[in-house]
> 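Dropping the structure in here first, questions after.
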Amino acid sequence: MAKLAASSCLLSCLLIMFMSSVSAVDTDGDKQVYIVYMGSLSSRADYMPTSDHISILQEITGESLMEGRLVRSYKRSFNGFAARLTESERTRIAEMEGVVSVFPNKMLQLHTSTSWDFMGLKEGKKTKRNPTVESDTIIGVIDTGITPESQSFSGKGFGPPPKRWKGVCSGGKNFTCNNKLIGARDYTSEGPRDISGHGTHTASTAAGNAVVDTSFFGIGNGTVRGGVPASRIAAYKVCTDSGCSSEALMAAFDDAIADGVDLITISIGFKFPSMFEDDPIAIGAFHAMAKGILTVSSAGNSGPNPTTVSHVAPWIFTVAASTTNRGFITKVVLGNGKTLDGRSVNAFDMKGKKYPLVYGKSAASSACSAKTAGLCAPECLNKSRVKGKILVCGGPSGLKIAKSVGAIAVISKTPRPDVAFTHHLPASGLTAKDFKSLVSYIESADSPRAAVLRTETIFNRTSPVIASFSSRGPNTIAVDILKPDITAPGVEILAAFSPDGEPSEDDTRRVKYSVFSGTSMSCPHVAGVAAYVKTFHPKWSPSMIQSAIMTTAWAVKARGSGIASTEFAYGAGHVDPIAALNPGLVYELEKADHIAFLCGMNYTSKTLKIISGDTVKCSKKNKILPRNLNYPSMSAKLSGSASTFTVTFSRTLTNVGTPNSTYKSKVVAGHGSKLNVKVTPSVLYFKTVNEKQSFKVTVTGRDLDSEVPSSANLIWSDGTHKVKSPIVVYEMIVDES
């Protein structure tokens with residue numbers, strides 16, 4: 001598992017792990033693990049789910065013993081089970097009364113300090129807190145498990161768990177929960193202990209204790225803490241080194257909802273968006289939403305390519321990744337005194353000694369061409385020419401083979417110059433321009449050139465920038481819902497780590513705190529903010545918390561051209577924890593609104609039952625245009641090629657600020673072609689708190705830019721609050737494969 005977590009967060013496109021679309025085929029003959037989903041639990045007092053599941057299996061298989069058949073029962077928050085079935089058995093069970101759907105168990109993968117200060121959530125008494133309610137808040141972390149001995153999860157100073165807590169600590173030997181880490185469950189047969197580090201990192205980012213004087217071998221030294229350090233944590237382990245199975249994810253949601261968590265953070269997903277009825281996280285999160293539990297999830301690490309954002313359901317809070325004001329660079333100091341600024345989290349001290357540089361192309365073995373050797377492909381380098389030198393490579397392969405050929409360090413051309421990765425030896429990633437300059441320097445001399453690597457921490461970033469790896473929209477499933485929703489720190493995040501994990505691939509070092517990058521890291525930041533908001537507004541629904549965070553977000557920048565640099569990269573903007581406490585107005589949504597939205601997407605009653613667990617018939621009364629879902633952002637994909645267009649959005653705002661308030665609307669231009677936006681009425685009057693007022697937004701324009709979406713921002717202001725919603729209209733033909 002260590003390699004999975006390291007690769008999911010460290011080595012960009014080539015080494016960030018994603019969803020494997022291959023179903024989890026069982027080794028027992030032609031049987032395969034399937035999830036038999038049966039919707040909501042029966043309200044009958046005498047109904048026993050597991051017994052029902054066994055009876056179904058016995059009827060279908062003709063076998064009396066189910067030990068090798070029944071994998072898991074879902075019996076606490078929704079109804080169903082996972083079982084090993086043949087194809088014919090799957091077909092027959094799908095036709096049985098009470099069975100909503102049967103789908104294969106698939107493997108999903110992980111999406112993988114000063115960040116809280118950067119966002120304005122300062123340490124200790126510098127930030128407004130509600131400690132009593134915060135201590136009563138439980139965050140469920142669905143991930144790779146957790147490290148119970150970490151100081152970030154120490155129970156010192158905590159009282160007993162909240163009385164409503166119904167979870168367990170099924171840790172087994174050498175695993176003990178406490179009053180901070182109040183629960184742990186395992187769905188992998190490995191035990192809930194984190195052996196990769198990913199789950200420990202995400203849990204501590206969301207809700208870890210404040211731990212002073214922490215660093216990664218001296219890098220990033222300071223106090224590491226979560227957004228709500230006084231809150232409790234419950235860990236649900238669903239991932240192994242082969243991925244995170246659908247059946248385990250469904251079980252984790254089933255338990256987490258029934259255990260009594262207040263919020264779920266899950267940094268796991270598909271490489272590309274999946275239909276809601278085929279997505280275990282979308283199904284689990286819908287049940288969580290119906291119980292008042294917000295699910296926060298990572299957008300994915302397939303950026304900057306379009307249509308790659310994962311988790312596109314409106315009942316999931318989807319998070320992109322961006323930078324903070326801190327970054328790590330590893331300078332390449334050449335023999336002639338020239339310095340090239342490279343990127344890596346380099347904790348190795350070369351003590352100022354310069355070593356000879358060798359370009360892979362110049363060290364080619366007879367087995368490969370010079371061009372292939374320039375990329376440092378495996379088996380392509382002559383070890384005698386590399387040993388004791390700094391290896392220079394045109395690609396990332398050099399990091400894999402460096403030790404085997406005796407290299408002292410590696411300098412490579414990186415496709416992600418905005419991110420510093422951790423490596424198992426001294427390393428630095430250069431931009432294409434600087435790498436070309438380095439190669440020219442090496443090749444311009446008859447005698448070997450020399451260099452030394454030197455690590456520095458910089459604090460000169462003034463505004464967040466979207467990471468190149470962060471997955472982008474548009475949303476290809478619900479095309480009129482803008483995704484991702486928000487962005488948060490996800491680049492070079494220092495947090496707790498498992499001593500059983502590897503800080504980087506092939507790394508023999510063991511640490512308690514490490515640095516990672518990925519939307520896996522940004523997701524728990526927003527989970528922490530959501531929990532922070534909930535501590536001041538414990539009765540707010542998931543949609544109210546999400547709205548408060550989205551409508552108070554900062555403006556951000558995104559790298560790249562085309563849609564990669566627009567709202568499809570960052571949604572509403574960058575999370576602002578302090579502003580989210582007092583949004584003034586919120587957009588509210590209930591379960592019925594999401595049903596109406598799904599009816600508007602022309603979902604059948606059968607498909608609706610797969611997602612919601614309920615029997616629903618769509619009609620004109622419970623059907624809305626998807627773009628009219630009362631969402632904090634407004635988005636519309638236009639059909640056809642007409643030169644002019646008109647789009648209308650309907651929305652309702654709820655006053656959570658002060659009585660007798662007046663909000664005036666203002667529209668600020670964004671990207672792409674000019675939009676004409678009319679808001680009716682343009683002024684909203686609220687006499688009382690919790691009063692609702694509706695309005696319409698009519699957008700007209702012509703000749704849309706086909707390369708980027710056209711956008712604007714609607715801002716409602718009473719002089720104190722600014723309630724901002726992005727408006728995005730697009731007519732792009734993008735690759736959705």
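Keep in mind that what you see is a predicted model, and the values were worked out from it rather than measured. Hydrogens, waters and symmetry mates play no part in the numbers below; they use all other heavy atoms, side chains included.
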> Supply the atom-to-atom distance Lys75 NZ to Thr50 OG1, rounded to the nearest 0.5 angstrom.
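Between atom NZ of Lys75 and atom OG1 of Thr50 there are 3.5 Å.
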> Considering only heavy atoms from C-beta outward, does the side chain of Phe516 approach that of Phe497 to under 4.5 Å?
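Side chain of Phe516 against side chain of Phe497, heavy atoms only: contact under 4.5 Å found.
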> Would you say the side chains of Ser40 and Asp614 form a donor-acceptor pair under 3.5 Å?
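Checked: Ser40/Asp614 side chains pair up, N/O donor to acceptor below 3.5 Å.
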> I need the minimum non-hydrogen distance between Ala467 and Arg472, along with the two atoms involved.
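It is O-NH1, 2.8 Å.
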> Can you confirm whether the side chains of Ser302 and Thr308 place a donor and an acceptor under 3.5 Å from each other?
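Side chains of Ser302 and Thr308: no pair found under 3.5 Å.
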> Between Phe272 and Val309, is a side chain to side chain contact (heavy atoms under 4.5 Å, CB included) present by the stated rule, with each step listed?
CA-CA 6 Å; Phe272 298 106; Val309 61; over 6 Å; no
> Of the non-hydrogen atoms in Thr422 and Val515, which two are nearest, and what is the gap between them?
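So the two residues come closest at OG1-O, 3.5 Å.
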> Distance only, no hydrogens: is a donor on one side chain within 3.5 Å (strictly under) of an acceptor on the other, for Thr144 and Asp194?
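Yes.
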> Verify side chain to side chain contact (heavy atoms under 4.5 Å, CB included) between Lys623 and Asn602, making sure each step is shown before the conclusion.
CA-CA 9 Å; Lys623 182 177 183 178; Asn602 297 318; 3.3 Å; yes
> Within a radius of less than 6.0 Å around CD of Glu87, do more than 12 heavy atoms belonging to other residues, nucleotides or ligands occur?
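Yes - once you tally the heavy atoms of other residues, nucleotides and ligands closer than 6.0 Å, there are more than 12.
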> By ring-ring contact (aromatic ring centres under 6.0 Å, His included), which residues pair with Tyr34, not counting sequence neighbours?
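Result, ring-ring contact (aromatic ring centres under 6.0 Å, His included) vs Tyr34: none returned.
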> Would Phe276 and Val312 count as a side chain to side chain contact (heavy atoms under 4.5 Å, CB included) if you check the C-alpha gap in whole Å, the side-chain angles of each, and the deciding distance to 0.1 Å?
CA-CA 9 Å; Phe276 301 150; Val312 295; 3.9 Å; yes
> Return the minimal non-hydrogen interatomic distance between Ala288 and Ile257, and the atom names on each side.
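In this case the closest contact between Ala288 and Ile257 is N-CD1, 3.5 Å.
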> Working to the nearest 0.5 Å, report the span between CD of Glu97 and CD1 of Ile56.
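Going from the CD atom of Glu97 to the CD1 atom of Ile56 covers 10.5 Å.
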> Out of Cys523, Ser298, Ser267, which one pairs with Thr202 under the side chain to side chain contact (heavy atoms under 4.5 Å, CB included) rule?
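For Thr202, the side chain to side chain contact (heavy atoms under 4.5 Å, CB included) test succeeds with only one of Cys523, Ser298, Ser267, which is Ser267.
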> Of Phe78, Trp315, Tyr74, which is the lone residue that meets ring pair (Phe, Tyr, Trp, His ring centres under 6.0 Å) with His287?
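In the set Phe78, Trp315, Tyr74, the residue that makes a ring pair (Phe, Tyr, Trp, His ring centres under 6.0 Å) with His287 is Phe78.
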> Say you draw a straight line from CD1 of Ile624 to CG of Leu598; how long is it, rounded to the nearest 0.5 Å?
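Between atom CD1 of Ile624 and atom CG of Leu598 there are 9.5 Å.
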> List the atom pairs, with distances to 0.1 Å, where a side-chain N or O of residues 480-489 and a protein N or O form a donor-acceptor pair under 3.5 Å, not counting sequence neighbours.
residue, atom, partner, partner atom, Å
Asp480, OD1, Lys637, N, 2.9
Asp480, OD2, Arg627, NE, 3.4
Lys483, NZ, Ala313, O, 3.0
Lys483, NZ, Ile316, O, 2.6
Lys483, NZ, Thr318, OG1, 3.1
Lys483, NZ, Asp485, OD2, 2.7
Lys483, NZ, Tyr631, OH, 3.2
Asp485, OD1, Tyr631, OH, 2.7
Asp485, OD2, Thr318, N, 2.9
Asp485, OD2, Tyr631, OH, 3.3
Thr487, OG1, Ala320, O, 3.3
Thr487, OG1, Ser322, OG, 3.0

> So do the side chains of Asp186 and Phe175 get within less than 4.5 Å of each other, counting heavy atoms only?
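Side chain of Asp186 against side chain of Phe175, heavy atoms only: no contact under 4.5 Å found.
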> Salt bridge check, Glu95 against Arg92: does any charged N sit closer than 4.0 Å to a carboxylate O?
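No salt bridge links Arg92 with Glu95.
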> Which residue is it: Val238, Thr295, Ile293? I am looking for the one with a side chain to side chain contact (heavy atoms under 4.5 Å, CB included) to Phe253.
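The single option meeting the side chain to side chain contact (heavy atoms under 4.5 Å, CB included) with Phe253 is Thr295.
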> Treating Thr200 as the side-chain partner and Ala496 as the backbone partner, does any N or O pair qualify as donor plus acceptor under 3.5 Å?
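Not at all, since once roles are kept as given, no pair shorter than 3.5 Å links the two residues.
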> Not counting sequence neighbours, which residues clear side-chain hydrogen bond (donor to acceptor under 3.5 Å, both in side chains) with Lys166? List them please.
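side-chain hydrogen bond (donor to acceptor under 3.5 Å, both in side chains) check on Lys166 returns nothing, list empty.
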> Got Met38 and Phe81 here, is their nearest side-chain heavy-atom distance under 4.5 Å?
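Answer yes - side chains close enough.
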> Would Arg72 and Asp254 count as a side chain to side chain contact (heavy atoms under 4.5 Å, CB included) here? Give the steps.
CA-CA 11 Å; Arg72 197 181 309 279; Asp254 183 33; over 6 Å; no
> Give a yes or no on whether a salt bridge exists between Arg185 and Asp259, defined as a side-chain N under 4.0 angstrom from a carboxylate O.
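A salt bridge is present here (some side-chain N lies under 4.0 Å from a carboxylate O).
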> Keeping the roles fixed (side chain from Asn301, backbone from Gly518), state whether a donor-acceptor pair exists under 3.5 Å.
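Answer holds: no.
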> Would you call the rings of His594 and Phe286 parallel, tilted or perpendicular, where under 30° means parallel and over 60° means perpendicular?
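Perpendicular, since the angle between the ring planes exceeds 60°.
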> Can you tell if the side chain of Thr566 reaches within under 4.5 Å of the side chain of Val728, non-hydrogen atoms only?
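Side-chain contact under 4.5 Å: no.
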> Any sub-3.5 Å donor-acceptor pair from Arg90's side-chain atoms to Gln32's backbone N or O?
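Not at all, since once roles are kept as given, no pair shorter than 3.5 Å links the two residues.
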> Quick check for you: to the nearest 0.5 Å, what is the distance between Ile35 atom CD1 and Leu85 atom CG?
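Reported to 0.5 Å precision, the distance equals 11.5 Å.
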> Could you check whether any side-chain heavy atom of Ile283 comes within less than 4.5 Å of a side-chain heavy atom of Ile610, counting everything from C-beta outward?
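When only atoms from C-beta onward are counted, Ile610 and Ile283 do touch, with a gap below 4.5 Å.
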> On a heavy-atom basis, which atom in Tyr603 and which in Cys618 lie closest, and how many Å separate them?
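Nearest heavy atoms, Tyr603 then Cys618: O-SG, 3.9 Å.
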> Tell me, do Arg193 and Pro148 make a side-chain contact under 4.5 Å, heavy atoms counted?
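Arg193 reaches Pro148 side chain to side chain.
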> Hey, what do you get for OG (Ser101) to CD (Glu277), rounding to the nearest 0.5 Å?
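Nearest 0.5 Å value for the OG-CD distance: 9.0 Å.
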> Looking at Arg76 and Asp255, does any basic side-chain N land under 4.0 Å from a carboxylate oxygen?
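Counted as a salt bridge, because a side-chain N and a carboxylate O are separated by less than 4.0 Å.
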> Nearest heavy-atom pair of Asn105 and Ser246: which atoms, and what distance?
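Scanning both residues, the minimum pair turns out to be OD1-N, 2.8 Å.
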> Using a 3.5 Å distance criterion without hydrogens, assess whether the side chain of Arg69 forms a donor-acceptor pair with backbone atoms of Arg84.
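At least one qualifying donor-acceptor pair exists.
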> For Gly300, is there any backbone N or O sitting under 3.5 Å from a side-chain donor or acceptor partner on Thr519?
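Here the side-chain-to-backbone pair exists.
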> Check whether His53 reaches the backbone of Pro49 with its side chain - one donor and one acceptor, N or O, closer than 3.5 Å.
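Yes, because the side chain of His53 sits within donor-acceptor range (under 3.5 Å) of the backbone of Pro49.
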> When you compare the side chain of Ser635 with that of Tyr730, does any pair of heavy atoms fall below 4.5 Å?
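They are in contact (side-chain heavy atoms under 4.5 Å apart), so the answer is yes.
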> Do other residues, nucleotides or ligands put more than 12 heavy atoms under 6.0 Å from Met48 CE?
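12 or below, so no.
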> How far does NZ of Lys609 sit from OG1 of Thr615, to the nearest 0.5 angstrom?
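Here the interatomic distance stands at 3.5 Å.
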> Which heavy atom of Ile139 sits nearest to which heavy atom of Ala531, and what is that distance?
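Shortest heavy-atom separation between Ile139 and Ala531 comes out as CD1-CB, 3.8 Å.
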> Is there side-chain contact between Asn622 and Val616, with heavy atoms separated by less than 4.5 Å?
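The answer is yes, as the side chains (C-beta and beyond) meet within the 4.5 Å cut-off.
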